[in-house]
Amino acid sequence: MAANAATSPAKAATKKDPGTSEELLARIVEFLESEKAEELVQVDLRGRSEIADYMVICSGRSTRQVTSLAEKLTDTIKQEFGRYGKMEGKSQGDWVLLDTGDVVVHIFRPEVREFYQLEKMWLPGGGADAE
């Protein structure tokens with residue numbers, strides 16, 4: 001019985017705080033900026049969509065950088081927030097979608113981003129507002 005009491009605080013200490021969607025967004029943006037993601041755009045989806053509270057769109061210079069950003073970001077979110085993001089498109093490296101629940105992250109190669117133009121679909125004014 002004493003062993004169980006001694007281990008339960010340790011288990012409680014390892015459980016991560018999932019944080020608010022705003023805290024998660026701030027950490028994702030901070031991470032992407034520090035890893036040299038380009039043309040970072042934040043989209044507030046609250047009240048506009050049920051899929052998430054926020055969307056982040058950015059570019060990587062190559063398929064390797066796009067893949068690396070997605071993998072490192074997934075690990076960071078898992079370690080710091082205890083959230084397991086769902087990732088799609090990593091094997092191609094042209095466009096990776098990372099769904100963390102509250103924040104959806106799109107990481108594109110520049111040519112693919114230009115083709116799909118998500119900013120025009122989600123931002124007021126067709127992408128004129130970058131943050």
Quiz item: What is the minimum heavy-atom distance between V96 and A70, and which atoms define it?
Solution: CG1-CB, 3.4 Å
Practice problem: Only counting residues at least two apart or in another chain, list the ones meeting salt bridge (Lys or Arg N to Asp or Glu O under 4.0 Å) with D99. | Solution: none
Quiz item: What residues, two or more places apart in sequence or in another chain, satisfy side-chain hydrogen bond (donor to acceptor under 3.5 Å, both in side chains) together with T74?
Solution: none
Self-check item: Side-chain donor or acceptor of S49 paired with backbone N/O of L45 under 3.5 Å
Solution: no
Self-check item: Where at least one partner belongs to residues 21-44, residue pairs that pass ring pair (Phe, Tyr, Trp, His ring centres under 6.0 Å), sequence neighbours excluded
Solution: none
Self-check item: For R64, side-chain contact (heavy atoms from CB on, under 4.5 Å) partners two or more places apart
Solution: S62
Self-check item: Closest contact, heavy atoms only, P110 versus G60
Solution: CD-O, 3.1 Å
Quiz item: To the nearest 0.5 Å, what is the distance between CG (L32) and SG (C58)?
Solution: 4.5 Å
Exercise. Answer yes or no: is there a side-chain heavy-atom contact under 4.5 Å between T76 and Q79?
Key: no
Quiz prompt | ring pair (Phe, Tyr, Trp, His ring centres under 6.0 Å) involving W122 - partner list, sequence neighbours excluded | solution = none
Self-check item: Nearest heavy atoms of G93 and T67, plus distance in Å
Solution: CA-OG1, 3.7 Å
Self-check item: Point-to-point distance, once rounded to the nearest 0.5 Å, from CD1 of I28 to OH of Y54
Solution: 11.5 Å
Quiz item: Would a 4.5 Å heavy-atom cut-off, applied to side chains only, mark Q42 and M55 as touching?
Solution: no
Quiz item: With sequence neighbours left out, what residues match Q117 under side-chain hydrogen bond (donor to acceptor under 3.5 Å, both in side chains)?
Solution: E114, K120
Quiz prompt | Non-hydrogen side-chain atoms of E35 and Q65 separated by less than 4.5 Å | solution = no
Quiz item: Is a side-chain donor-acceptor pair under 3.5 Å present for T100 with R83?
Solution: no
Quiz item: Does the side chain of F108 come within less than 4.5 Å of I57's, by heavy atoms?
Solution: yes
Practice problem: List for me each residue that meets ring pair (Phe, Tyr, Trp, His ring centres under 6.0 Å) alongside F115, sequence neighbours excluded, and say none if there are none. | Solution: none
Quiz prompt | Residue pairs passing the salt bridge (charged side-chain N to carboxylate O under 4.0 Å, His left out) test where at least one lies in residues 44-54, sequence neighbours excluded | solution = E22-R46, D44-R46
Practice problem: Spell out, yes or no, whether V41 and I51 are grouped together once hydrophobic residues are joined by side-chain heavy atoms under 4.5 Å, including indirect joins. | Solution: yes
Quiz item: Is any side-chain heavy atom of R113 closer than 4.5 Å to a side-chain heavy atom of H106?
Solution: no
Self-check item: Listed partners of E88 passing salt bridge (Lys or Arg N to Asp or Glu O under 4.0 Å), at least two apart
Solution: none
Quiz prompt | N/O donor-acceptor pair under 3.5 Å between E23 side chain and T20 backbone | solution = yes
Self-check item: Test item: I107 and W95 side chains (from C-beta on) under 4.5 Å apart, heavy atoms
Solution: no
Exercise. List, by chain and then residue number, the residues other than L97 in its hydrophobic cluster (Ile/Leu/Val/Met/Phe/Trp/Tyr, side-chain heavy atoms under 4.5 Å); write none if there are no others.
Key: V104
Practice problem: State which residues pass salt bridge (Lys or Arg N to Asp or Glu O under 4.0 Å) with R27; sequence neighbours excluded, sorted by chain then number. | Solution: E30, E80
Quiz item: Atom CG of L98 and atom CG of L73: how far apart are they, to the nearest 0.5 Å?
Solution: 5.5 Å
Quiz item: Less than 4.5 Å apart, any side-chain heavy atom of R61 and any of R109?
Solution: no
Quiz item: Listed by chain and number, what are the salt bridge (Lys or Arg N to Asp or Glu O under 4.0 Å) partners of K86, not counting sequence neighbours?
Solution: none
